[in-house]
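This structure is a prediction, so every number in the text was calculated from the model and none was measured. We count residues from 1, following the sequence as given.
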Amino acid sequence: MIEPYHAIDLDTKNGIRRILSVWFVASGKRYEFEDVPPETFAAFKATFAKGRFFNEHIRNHFRYRLVGPGVD
């Protein structure tokens with residue numbers, strides 16, 4: 001199950017870095033996906049089937065890093 005998610009806009013010298021933060025409830029892990037367009041975030045937020053949307057439109061489409069529990 002995918003739970004809390006949010007977008008983070010960070011000002012950088014090269015413009016804005018868009019980060020989508022996603023927390024997976026079952027594993028307790030949180031990932032940050034880089035350069036996610038605002039339209040993708042809005043569609044993700046609006047969809048009922050978050051897992052399906054994530055698998056089809058976010059997973060394997062953006063660079064990511066593990067930032068929550070489980071980080072070594």
Any heavy-atom pair between the side chains of F44 and F33 that's under 4.5 Å?
no
Quick check: are there more than 12 heavy atoms from other residues, nucleotides or ligands sitting under 6.0 Å from OH of Y64?
no
Heavy-atom pair of closest approach, residues R18 and P37
CD-CA, 4.1 Å
Spacing of NE2 belonging to H57 relative to OG1 belonging to T47, to within rounding of 0.5 Å
8.0 Å
Is any side-chain heavy atom of F53 closer than 4.5 Å to one of T40?
yes
Determine the minimum heavy-atom distance between K50 and K45, stating which atoms define it.
NZ-O, 3.1 Å
Polar side-chain atom of K29 near backbone of W23 as donor-acceptor pair, under 3.5 Å:
no
Where do F54 and Y31 land on the ring-ring contact (aromatic ring centres under 6.0 Å, His included) test, with the steps shown first?
CA-CA 12 Å; F54 175 83; Y31 293 86; 8.2 Å; no
Calculate, to the nearest 0.5 Å, the distance between atoms CD and CZ belonging to E32 and R63 respectively.
12.5 Å
Distance check, rounded to the nearest 0.5 Å: R65 atom CZ versus I19 atom CD1?
6.5 Å
For S21 and R30, the nearest pair of non-hydrogen atoms, with its separation, is OG-NH1, 2.9 Å
Counting distance only, does the side-chain N/O of H61 pair as donor-acceptor with the main-chain N or O of N55 below 3.5 Å?
no
